[in-house]
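One is the number of the first residue; the rest follow in order along the sequence. What you see below is based on every heavy atom in this structure, not just the backbone, and it leaves out hydrogens, waters and symmetry mates.
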Amino acid sequence: MEKYINLENLSYNCAGKGKTIILLHGYLESKEIWGDFAQKLALNYKVISIDFPGHGHSKLEDKTYSMSDYAD
């Protein structure tokens, strides 16, 4: 089963070029946790860090997410 979220409500940072690395934060954190680490990786890679729905600058959708939903 595939799950989709509304990307219009998803806050993310994208930097660098090359192979893509996606950085996922922990529960109740935000993309800001990656800070300097993401900047250093972006020297050699395309780095995408996101805020999960309801975290950081991402809006919470009408759906309530469980820990399992975030893991999926």
*For Ser30 and Gly56, work out which heavy atoms get closest and say how close.*
CB-CA, 3.7 Å

*At their closest point, which heavy atom of Asp51 faces which heavy atom of Leu10, and how far apart are they?*
O-CD1, 2.9 Å

*Which of parallel (below 30°), tilted (30 to 60°) and perpendicular (above 60°) describes His55 and Phe52?*
perpendicular

*Transitively linked via ILVMFWY side-chain contacts under 4.5 Å: Leu41 with Leu24?*
no

_Quick check: is Tyr27 connected to Trp34 through a chain of hydrophobic side chains (ILVMFWY, heavy atoms under 4.5 Å apart)?_
no

*Which heavy-atom pair separates Ala38 from Leu23 by the least distance, and what is that distance?*
CB-CD1, 3.8 Å

*Measure across Cys14 and Ile48 and return the closest heavy-atom pair with its distance rounded to 0.1 Å.*
SG-CG1, 3.9 Å

*Atom of His57, atom of Ser11 and distance for their closest heavy-atom approach*: CB-OG, 3.5 Å

*Kindly indicate, with the supporting measurements, whether the criterion side chain to side chain contact (heavy atoms under 4.5 Å, CB included) is fulfilled by His25 and Ser49.*
CA-CA 8 Å; His25 62 76; Ser49 52; over 6 Å; no

*Might you point out which heavy atoms bring Pro53 and Ser58 nearest each other, and give the distance in Å?*
CA-CB, 4.1 Å

_Using the rule that Ile, Leu, Val, Met, Phe, Trp and Tyr join whenever any side-chain heavy atoms are under 4.5 Å apart, tell me whether Ile22 and Phe37 fall into a single cluster._
no

